[in-house]
2 protein chains.
Amino acid sequence: MSESTHPDRGHVPDRSAGSAAFSPLYQQIKGLLLQSLDRGEWKPGEAIPSELDLAARFQVSQGTVRKAIDELAADNLLVRRQGKGTFVATHHEANVRFRFLRLTPDDARQRGSASQVLDCRRVKAPADIAALLDLRNGEAVVSLRRLLSFEDTPTILDDIWLPGAVFKGLTAESMQRLRSPLYALFESEFGVSMVRADEKIKAVAASDEQAQLLRIEPGAPLLRVERVSYTYGDRPMEVRRGLYLTEQFHYRNSLN
Amino acid sequence: MSESTHPDRGHVPDRSAGSAAFSPLYQQIKGLLLQSLDRGEWKPGEAIPSELDLAARFQVSQGTVRKAIDELAADNLLVRRQGKGTFVATHHEANVRFRFLRLTPDDARQRGSASQVLDCRRVKAPADIAALLDLRNGEAVVSLRRLLSFEDTPTILDDIWLPGAVFKGLTAESMQRLRSPLYALFESEFGVSMVRADEKIKAVAASDEQAQLLRIEPGAPLLRVERVSYTYGDRPMEVRRGLYLTEQFHYRNSLN
DNA sequence: AAGTGGTCTAGACCACCGG
DNA sequence: CGGTGGTCTAGACCACTTA
């Protein structure tokens, strides 16, 4: 502890040297925490070490660790719970199970939901999907289609593509058996944590096939939601093309 | 810059007393800053006092003021600029002029935009609009319709309602004259800063009238975006119902 | 050089949780 | 009770802007 700067090997930012890169200590800590999360040192749902422990491990003050954790918590990678600890975010909890689903009933009434897997097979990635998933052209992907119903009203028709190398052994059967939401299943069965997603939304007219599955008229307007989901290193891990029936539902969003 | 004239009182949080309410000091400071913003003590685009000045004014440490400002900056109410100061957010800046518009070209190419006001009049608020704007039934609102085109392709048809008491004297003429975006105009002409908005999105089929204005076929699928925008105290100040043509555009969103 | 926000530290104390 | 995160302070120094 000296004064002025830290003597630790924590390397004070290397301000001299023409190196254009200067990143604050807490950002470096954030990076280290991110690596630990990525390599699975702490699993979803588990507690990470206390702030003081981490401060000791990284040879910085508690305040610096705190700021790093603050940012990870703001990004929803970690969850702080006063008096208990800081936990790795997980998709297995009631309150966040539909974290990425922005479709909401027009009336607030909650409805029971049921998911039906219509198809699931390994195929060579189409060019557009390969590009979105950072795969080489023709690499294997798991391709699946499912129908989500609310109170027996078919509402969402999803086509989903996953990197085949990561999601080995995913079958329709295993999805029906473990009835958890997909992202929860990805975590526990394949060690893949979805952390962020981008969506692009258009309005389209239902094709004959789509109309039949959703039990509506061909040509009826549908919300088409294309989603790319990312794990820790901003690595894309899922492409999802959903068709949302918005007769009694809407997509909600907050701008700020 | 004002001198003195602060009827402040620095209170340490009233931790004793069984009072159920306990709010941290920095939250109280945040509230005071919010009040100052609301009452227009600092206008959009202007700098607020420095952290040290505010710390002196409120009789707290710089760190406490800093944390309050951090949150306001995270909410986009304030903008920090290192070395220069902290500024009140404004809709008058190139980079944030389309802050609330999530419609993006499918290819990244930028297009020139033009707005045409089709209608603008004072009317009694319809019941649903009155409810959304927290107005009494039948109170006056400004109702306007406009068409937004990108490179001469009509793309967005907006119906907009504004509280009549606040937006006195808003006319189609004045909007065409000052060519700035609506939210920028609201700021400079009416002192109304839009801070946040909620959107509800559906897919709908174009009516005959809508189709004609957007130069498409009746029944074509459109994105219907209902937006309620809020000023400082979470007071609703605008209802906007937009129809987006998503042939060559999409609504983009980030989930986390 | 002076003034702003940005980082980092060290220490005190508070609120919440669990055994 | 001890351990966790949460708040608050005071002070040092760094980075960026402006003059």
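Labels below follow one simple rule: chain letters A, B, ... track the order of the sequence lines, proteins then strands, and each chain is numbered from 1.
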Can you tell which of [options] lies closest to the side chain of [X]?
{"X": "L25(A)", "options": "dC8(C), dT9(D), dT7(D)", "answer": "dC8(C)"}
{"X": "P24(A)", "options": "dT7(C), dG6(C), dG5(D)", "answer": "dT7(C)"}
{"X": "R80(B)", "options": "dG5(D), dT7(C), dG6(C)", "answer": "dG6(C)"}

Taking only the side-chain nitrogens and oxygens of [X], find out if one of them lies under 4.0 Å from OP1 or OP2 of [N].
{"X": "R81(A)", "N": "dC17(C)", "value": "no"}
{"X": "S61(A)", "N": "dA10(C)", "value": "no"}
{"X": "R66(B)", "N": "dG5(C)", "value": "no"}
{"X": "K84(A)", "N": "dG5(D)", "value": "no"}
{"X": "S50(B)", "N": "dG3(C)", "value": "no"}
{"X": "T64(A)", "N": "dT9(C)", "value": "yes"}

Nearest whole angstrom, please: distance from the [atom2] of [N] to the [atom1] of [X].
{"X": "K67(B)", "N": "dA10(D)", "atom1": "NZ", "atom2": "P", "value": "17 Å"}
{"X": "E51(A)", "N": "dA10(C)", "atom1": "CD", "atom2": "P", "value": "15 Å"}
{"X": "Q59(A)", "N": "dC8(C)", "atom1": "CD", "atom2": "P", "value": "15 Å"}
{"X": "L52(B)", "N": "dT9(D)", "atom1": "CG", "atom2": "C1'", "value": "14 Å"}
{"X": "L78(B)", "N": "dT4(C)", "atom1": "CG", "atom2": "P", "value": "16 Å"}
{"X": "I69(B)", "N": "dT4(C)", "atom1": "CD1", "atom2": "P", "value": "12 Å"}
{"X": "D70(A)", "N": "dT7(C)", "atom1": "CG", "atom2": "C1'", "value": "14 Å"}

[X]/[Y] ion pair, N-O < 4.0 Å:
{"X": "K67(B)", "Y": "E71(B)", "answer": "no"}
{"X": "R196(A)", "Y": "D75(A)", "answer": "no"}
{"X": "E93(B)", "Y": "R97(B)", "answer": "no"}
{"X": "D70(B)", "Y": "K30(B)", "answer": "no"}

Exercise for the section: On DNA chain C, check which nucleotide each of Y26(A) and Q82(A) is closest to and give me the residue with the more 5' one. Expected result: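 Final value for this comparison: Y26(A).
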Practice task
Please figure out whether Q62(A) or G83(B) has its closest DNA chain C nucleotide nearer the 5' end.
Solution key: G83(B)
Exercise for the section: Please determine if R227(A) forms a cation-pi arrangement with F100(A), meaning its NZ or CZ atom is less than 6.0 Å from the six-membered ring centre and no more than 45° off the ring axis. Expected result: no
